[in-house]
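Read through the structure below, which is laid out as structure tokens, and then see the notes.
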Amino acid sequence: YLIAFCNAMGADTSSSGIAKSTSILFADTYDFQFSESPQSIAERFKKIHGEFWNQDRTQKAEALGLSPFEVYILASIVKGECRHMEEAGTIARLYLNRLSEKMMLQCDATVQFIVERENAQRILNEDLNRDSPYNTYKVLGLPPGPIYIVEKEYLDAVLNAPLHRYIYMCAKSDGSGWHLFTAHFSEHSRNASAYRKYMDQLEIKK
């Protein structure tokens with residue numbers, strides 16, 4: 001069924017083809033009939049995708065220097081890092097700043113995507129050294145495909161990301177899921193040290 005769906009989308013069944021087909025999809029609730037063919041389902045998603053990517057959004061993507069596919073990839077990264085939707089735009093701009101500065105994204109969510117440990121709660125040094133095109137600690141730029149199927153609101157968070165100068169973020173050491181943002185490495189180092197201490201106190205090892 002996946003092969004038929006990819007073919008209907010006009011994509012091959014290589015990893016890159018599947019990734020591009022995935023970017024047509026939005027995380028949402030849909031009603032389908034059991035008898036619907038991959039072709040008809042693909043046509044529905046193409047229509048929804050085309051309606052979302054109107055002229056306004058396409059122009060916003062172009063202004064960011066990103067294709068719609070790249071916006072989707074970045075939105076999936078934002079989703080992976082975001083626990084509170086109110087932070088999504090700030091996180092998106094942080095990664096846009098890093099892309100602009102030719103900095104590695106160093107996104108923990110992309111590493112969690114490739115980690116083979118189930119329910120991994122902590123990123124280890126050995127994880128950061130894994131060879132993968134999705135390891136944004138080793139590979140410059142965006143990964144080759146999304147790490148999640150995303151809701152439209154994450155795409156809009158990227159397209160409408162508010163301007164700021166932050167290039168570092170760290171989870172607050174209180175378990176709230178909120179982040180501390182900064183443009184200064186020294187401040188980020190203090191935040192990261194506090195978070196590691198918090199994780200140690202909880203005895204979270206992996």
Side-chain angles (χ1 to χ4, degrees), residues 19-28 45 48-114 123 128 133-174 176-192 195:
K20 288 182 178 178
S21 293
T22 301
S23 72
I24 300 291
L25 309 177
F26 300 120
D28 207 338
F45 280 123
I48 294 169
H49 182 268
E51 290 172 348
F52 177 82
W53 284 106
N54 55 28
Q55 184 178 8
D56 179 58
R57 289 191 175 97
T58 300
Q59 289 176 343
K60 287 179 178 179
E62 290 174 353
L64 294 174
L66 301 176
S67 68
F69 180 50
E70 290 170 327
V71 171
Y72 196 101
I73 294 172
L74 183 52
S76 76
I77 287 174
V78 172
K79 178 176 179 175
E81 291 290 337
C82 182
R83 296 296 173 268
H84 301 282
M85 195 64 208
E86 295 92 329
E87 287 189 340
T90 304
I91 294 172
R93 178 58 64 181
L94 183 148
Y95 286 121
L96 288 167
N97 289 345
R98 281 184 164 258
L99 288 171
S100 177
E101 295 294 328
K102 300 295 189 293
M103 297 174 66
M104 288 188 177
L105 297 185
Q106 295 185 325
C107 170
D108 287 356
T110 64
V111 178
Q112 288 175 325
F113 179 72
I114 61 176
I123 298 298
L128 302 182
Y134 285 87
N135 186 349
T136 54
Y137 279 84
K138 296 189 71 173
V139 179
L140 186 65
L142 292 168
I147 59 174
Y148 292 100
I149 295 175
V150 301
E151 292 81 357
K152 296 174 185 177
E153 58 188 337
Y154 288 101
L155 293 161
D156 280 333
V158 173
L159 296 173
N160 300 294
L163 292 175
H164 62 64
R165 298 177 61 189
Y166 302 140
I167 53 175
Y168 302 105
M169 71 177 185
C170 181
K172 288 187 175 182
S173 53
D174 59 5
S176 66
W178 294 93
H179 290 86
L180 297 168
F181 300 92
T182 180
H184 306 289
F185 182 72
S186 59
E187 186 176 351
H188 173 68
S189 295
R190 291 193 295 271
N191 295 337
Y195 184 71

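- Between Y168 and H188, the angle of the ring planes stays under 30°, which puts this pair in the parallel group of the 30/60° scheme.
- Minimum interatomic distance between F69 and G145 (heavy atoms only, all atoms of both residues): CZ-CA, 4.2 Å.
- Heavy atoms only, all atoms of each residue included: I77 and P143 are closest at CD1-CD, 3.8 Å.
- Across Y72 and L155, no two heavy atoms sit closer than the pair CA-CD2, 3.5 Å.
- At distances below 3.5 Å, at least one donor-acceptor pair connects side-chain atoms of N135 with backbone N or O atoms of L128.
- The side-chain heavy atoms of T136 and Y95, taken from C-beta on, include no pair separated by under 4.5 Å.
- Looking at every heavy atom in both residues, K102 comes nearest to L140 through O-CD1, 3.4 Å.
- For the pair P146 and Y134, the tightest heavy-atom approach, listed with the atom from each and the gap, is O-CE2, 4.3 Å.
- Between E62 and T58 there is a side-chain heavy-atom pair separated by less than 4.5 Å.
- Between atom CZ of residue F45 and atom OG1 of residue T22 there is a gap of 11.0 Å, rounded to the nearest 0.5 Å.
- Rounding to the nearest 0.5 angstrom, the gap separating the SG atom in C107 from the CG atom in L142 is 10.5 Å.
- In the displayed structure, Q55 atom CD is contacted under 6.0 Å by at most 12 heavy atoms of other residues, nucleotides or ligands.
- Between T110 and Y137 there is no side-chain heavy-atom pair separated by less than 4.5 Å.
- Among all heavy-atom pairs drawn from P144 and P133, the shortest one is CD-O, 3.4 Å.
- Looking at residues two or more places apart in sequence or on another chain, you find no side chain to side chain donor-acceptor pair (under 3.5 Å) involving K152.
- Atom-to-atom distance recorded for C82:SG and W178:CH2 is 8.5 Å, nearest 0.5 angstrom.
- Between atom CD of residue E153 and atom NZ of residue K79 there is a gap of 9.0 Å, rounded to the nearest 0.5 Å.
- Counting only residues at least two apart or in different chains, salt bridge (Lys or Arg N to Asp or Glu O under 4.0 Å) contacts with residues 154-164 comprise R57-D156.
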I would like to know whether L74 and E70 meet side chain to side chain contact (heavy atoms under 4.5 Å, CB included); could you show each step before the answer?
-> CA-CA 6 Å; L74 183 52; E70 290 170 327; over 6 Å; no
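- In this structure, R93 contributes its side chain and A161 its backbone to a donor-acceptor pair below 3.5 Å.
- For the pair L96 and L66, the minimum side-chain heavy-atom distance is below 4.5 Å.
- To the nearest 0.5 Å, atom CZ of residue R83 and atom CD1 of residue I91 are 8.5 Å apart.
- For Y166 (side chain) and L180 (main-chain N/O), no donor-acceptor pair under 3.5 Å exists by modelled atom type.
- A heavy-atom distance below 4.5 Å is not found between the side chains of E87 and E81.
- Between the CD atom of E101 and the CD1 atom of I167 there is a distance of 7.0 Å, given to the nearest 0.5 Å.
- Side chain of S76 to main chain of I147: a donor-acceptor pair is present (N/O by atom type, distance under 3.5 Å, no hydrogens or angles).
- Contact of the D28 side chain with the I48 side chain is not registered, since no non-hydrogen atoms from C-beta on lie closer than 4.5 Å.
- Within the 4.5 Å cutoff, side-chain heavy atoms of N97 are placed close to those of H164.
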